[in-house]
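Only one structure is covered here, and it is reproduced in the block below.
What you see is a predicted model; the values in this text were computed from it and never measured. Every heavy atom of this structure was used, including side-chain atoms; hydrogens, water molecules and symmetry mates were not.
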Amino acid sequence: MLKFLTVAASYYHQDVGTVLERSIPPELKGAKGRSSPAKMVRMLRLLPGDVDRSGLGKVATRVVLALEDGPRLRSEVVRDTKAARTHLDSLETLGLIEEYREREYRDLELDEDLALVNHDIKLTAAQEQAIETIGGNIGTDYTGYLLHGVTGSGKTQVYLELVAKALGEGRTALILVPEIALTPQLMATFSARFGESVAILHSALSPGRRFDQWCLIADGSRPIVLGARSAIVAPLSNLGLVIVDEEHETSFKHEQAPFYSA
């Protein structure tokens with residue numbers, strides 16, 4: 001990533017520091033006194049071991065039973081069992097339960113009604129040719145292709161099949177769209193096909209959600225990234241495929257410093 005950004009700064013005659021500074025979420029810059037944007041939640045779990053539960057009261061017993069299937073949010077356990085803090089403290093003192101903190105990733109709100117996915121669709125000859133031609137070069141040295149088709153001609157289905165090929169070869173994929181307004185429908189479509197393998201990056205996300213998405217991409221949990229032009233600096237490893245949808249659109253050009261074309 002550092003090499004990529006250094007080359008980009010040189011190509012666009014931009015200050016390297018500015019390019020680097022603009023290429024990571026503000027929440028990662030570590031300003032003094034700023035708390036971490038990571039969302040931490042309080043969890044409860046049962047501790048292993050044989051402890052006599054016969055002397056537990058009704059509420060304490062409900063807490064233990066509520067945790068037998070695995071850890072749960074502390075707030076959920078309190079709500080479902082009507083436990084007070086004294087009940088939980090007593091169970092911790094007895095060595096029956098433990099409270100701990102866990103990172104929680106904020107969900108993206110998806111409109112599933114927008115998903116345009118048909119897993120049983122029969123591809124046209126033109127779609128099959130495009131998938132075979134482009135897909136055959138995933139993982140090789142860079143090759144560029146122009147996929148031409150009017151609206152409704154099935155380009156999205158080609159994108160889906162190519163991304164599946166990239167993932168099948170252990171690669172990651174980046175899909176860039178010209179406008180944030182186009183993202184929800186594509187996100188719903190890609191999520192319907194690939195589930196939680198898809199991350200989204202654009203400026204309309206809340207800072208917390210953008211930070212969570214960046215972290216999930218960086219740790220390899222989300223090998224597919226969908227976003228507007230700023231997603232070009234997503235921290236993807238082993239990139240095998242880049243799709244620039246509607247590549248003729250001028251919105252792929254960032255007309256403020258640092259100047260660049262995605």
Side-chain angles (χ1 to χ4, degrees), residues 1-38 106 108 134 137-148 155 159 162-163 166 171-184 186-187 190 198-262:
M1 180 61 74
L2 180 60
K3 181 179 179 182
F4 166 61
L5 295 173
T6 302
V7 170
S10 174
Y11 184 86
Y12 290 108
H13 301 281
Q14 299 295 303
D15 176 74
V16 176
T18 301
V19 173
L20 296 179
E21 192 268 341
R22 297 292 178 87
S23 298
I24 61 172
E27 298 79 19
L28 281 175
K29 292 170 188 173
K32 188 175 181 180
R34 177 188 292 167
S35 60
S36 170
R106 284 151 282 214
L108 295 174
I134 302 170
N137 283 308
I138 291 175
T140 63
D141 290 340
Y142 170 77
T143 308
Y145 296 93
L146 176 63
L147 183 65
H148 176 67
K155 294 190 294 296
Y159 298 163
L162 290 174
V163 169
R171 299 281 181 149
T172 58
L174 173 64
I175 302 98
L176 298 177
V177 295
E179 299 289 347
I180 294 172
L182 298 176
T183 308
L186 272 179
M187 185 64 187
F190 273 83
V198 187
I200 186 168
L201 282 180
H202 58 67
S203 58
L205 291 177
S206 67
R209 284 186 169 86
R210 184 174 64 241
F211 175 74
D212 283 352
Q213 294 292 293
W214 196 97
C215 292
L216 288 166
I217 298 164
D219 71 15
S221 299
R222 303 289 169 94
I224 304 169
V225 175
L226 174 65
R229 64 175 177 242
S230 60
I232 196 68
V233 293
L236 283 165
S237 299
N238 203 24
L239 186 61
L241 177 70
V242 179
I243 294 171
V244 186
D245 191 37
E246 306 291 343
E247 59 86 29
H248 57 279
E249 291 287 345
T250 57
S251 56
F252 283 118
K253 294 182 177 180
H254 192 251
E255 296 182 346
Q256 299 175 353
F259 300 94
Y260 69 92
S261 169

What are the two closest heavy atoms between [X] and [Y], and how far apart are they?
X: Ser230; Y: Tyr260; answer: CA-OH, 3.7 Å
X: Phe252; Y: Glu246; answer: CE1-O, 3.3 Å
X: Pro223; Y: Leu236; answer: O-CD2, 3.8 Å
X: Leu241; Y: Ala166; answer: CB-CB, 4.2 Å
X: Leu162; Y: Ile138; answer: O-CD1, 3.6 Å
X: Thr172; Y: Ser237; answer: OG1-O, 2.9 Å

Report yes if some heavy atom in the side chain of [X] is under 4.5 Å from a heavy atom in the side chain of [Y]; otherwise report no.
X: Leu147; Y: Tyr159; result: yes
X: Val198; Y: Met187; result: yes
X: Arg210; Y: Leu201; result: yes
X: Tyr145; Y: Asn137; result: yes
X: Phe4; Y: Val233; result: yes
X: His202; Y: Val177; result: no
X: Leu20; Y: Leu2; result: yes

[X] (side chain) donor-acceptor with [Y] (main chain) under 3.5 angstrom:
X: Tyr12; Y: Ser261; value: yes
X: Ser251; Y: Pro178; value: yes
X: Arg209; Y: Ile200; value: no

**OP:** Please check if atom NE2 in His148 has more than 12 non-hydrogen atoms from other residues, nucleotides or ligands closer than 6.0 Å.
**Re:**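 Atom NE2 in His148 is not packed in, count stays at 12 or less.
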**OP:** Supply the atom-to-atom distance Gln213 CD to Leu205 CG, rounded to the nearest 0.5 angstrom.
**Re:**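 Those atoms lie 6.5 Å apart.
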Subject >> Value rounded to 0.5 Å, distance of CG in Asp15 from CZ in Arg22 >> reply: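 That separation rounds to 10.5 Å.
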Original post:
Only one of Leu186, Leu174, Leu176 forms a side chain to side chain contact (heavy atoms under 4.5 Å, CB included) with Leu226, so which one is it?
Top reply: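 Output: one option passes, namely Leu186.
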